[in-house]
Amino acid sequence: MHGKRTRSKPSRPPSQSGDRGEIKGILTRVNPEGWRALRMLALELDVPLQSLCVQAFNQLLKKHGRRPVVENPLTAE
């Protein structure tokens, strides 16, 4: 018989399931000098680099007339 094979979708863990509680990651590449400057700023402010990124994303959203909705899942910012 030449029927179509059906594949069931693999179940995803809750963090990837599509519900409102899911977390998405962003990977970006920067030059070494930019990386050092950002890392030093995070150290001087005594905050994780991720917190600086969340702040920058929200400022970018505001600049373009959007609501600042980016949250840091590690600190509930």
Side-chain angles (χ1 to χ4, degrees):
M1 186 162 148
H2 294 283
K4 290 183 180 178
R5 288 187 185 189
T6 59
R7 291 187 197 174
S8 62
K9 285 187 174 182
S11 62
R12 294 181 178 179
S15 64
Q16 298 177 356
S17 67
D19 61 280
R20 286 184 58 95
E22 95 179 79
I23 303 302
K24 297 286 188 181
I26 297 175
L27 172 67
T28 189
R29 303 220 180 255
V30 297
N31 61 320
E33 184 179 1
W35 171 253
R36 281 190 295 277
L38 290 168
R39 190 177 64 187
M40 291 302 297
L41 180 59
L43 287 170
E44 289 169 13
L45 297 174
D46 194 29
V47 297
L49 186 55
Q50 178 166 325
S51 292
L52 293 182
C53 293
V54 167
Q55 181 180 1
F57 292 145
N58 280 322
Q59 288 177 349
L60 183 62
L61 288 168
K62 283 183 197 179
K63 177 182 174 180
H64 292 279
R66 309 254 169 88
R67 276 189 331 121
V69 295
V70 179
E71 295 179 353
N72 186 342
L74 302 178
T75 62
E77 285 180 19

Transitively linked via ILVMFWY side-chain contacts under 4.5 Å: Val70 with Ile26?
yes
Is the number of heavy atoms from other residues, nucleotides or ligands under 6.0 Å of Asp46 CG greater than 12?
no
Search all heavy atoms of Ala42 against all heavy atoms of Pro48 and return the closest pair with its distance.
CB-C, 4.3 Å
Could you work out, with side chain to side chain contact (heavy atoms under 4.5 Å, CB included) as the rule, every residue matching Val69, not counting sequence neighbours?
Leu61, Arg67
Which heavy atom in Val30 sits nearest to a heavy atom in Gly34, and how many Å separate them?
CG2-C, 4.4 Å
Minimum heavy-atom distance between Asn72 and Gln50, given as atom pair plus value:
OD1-NE2, 2.7 Å
With clusters built from Ile, Leu, Val, Met, Phe, Trp and Tyr whose side-chain heavy atoms come within less than 4.5 Å, directly or transitively, what are the remaining members of the cluster of Leu27, listed by chain and number?
none
CZ/Arg66 to CG/Asn58 distance, rounded to the nearest 0.5 angstrom?
13.0 Å
For a side chain to side chain contact (heavy atoms under 4.5 Å, CB included) check, start with the C-alpha distance between Lys62 and Gln59, then their side-chain angles and the critical distance, and finish with the verdict.
CA-CA 5 Å; Lys62 283 183 197 179; Gln59 288 177 349; 5.5 Å; no
To the nearest 0.5 Å, what is the distance between CD on Glu33 and CG on Leu38?
10.5 Å
Is it true that Val47 and Leu60 fall in one hydrophobic cluster, defined by side-chain heavy atoms closer than 4.5 Å?
no
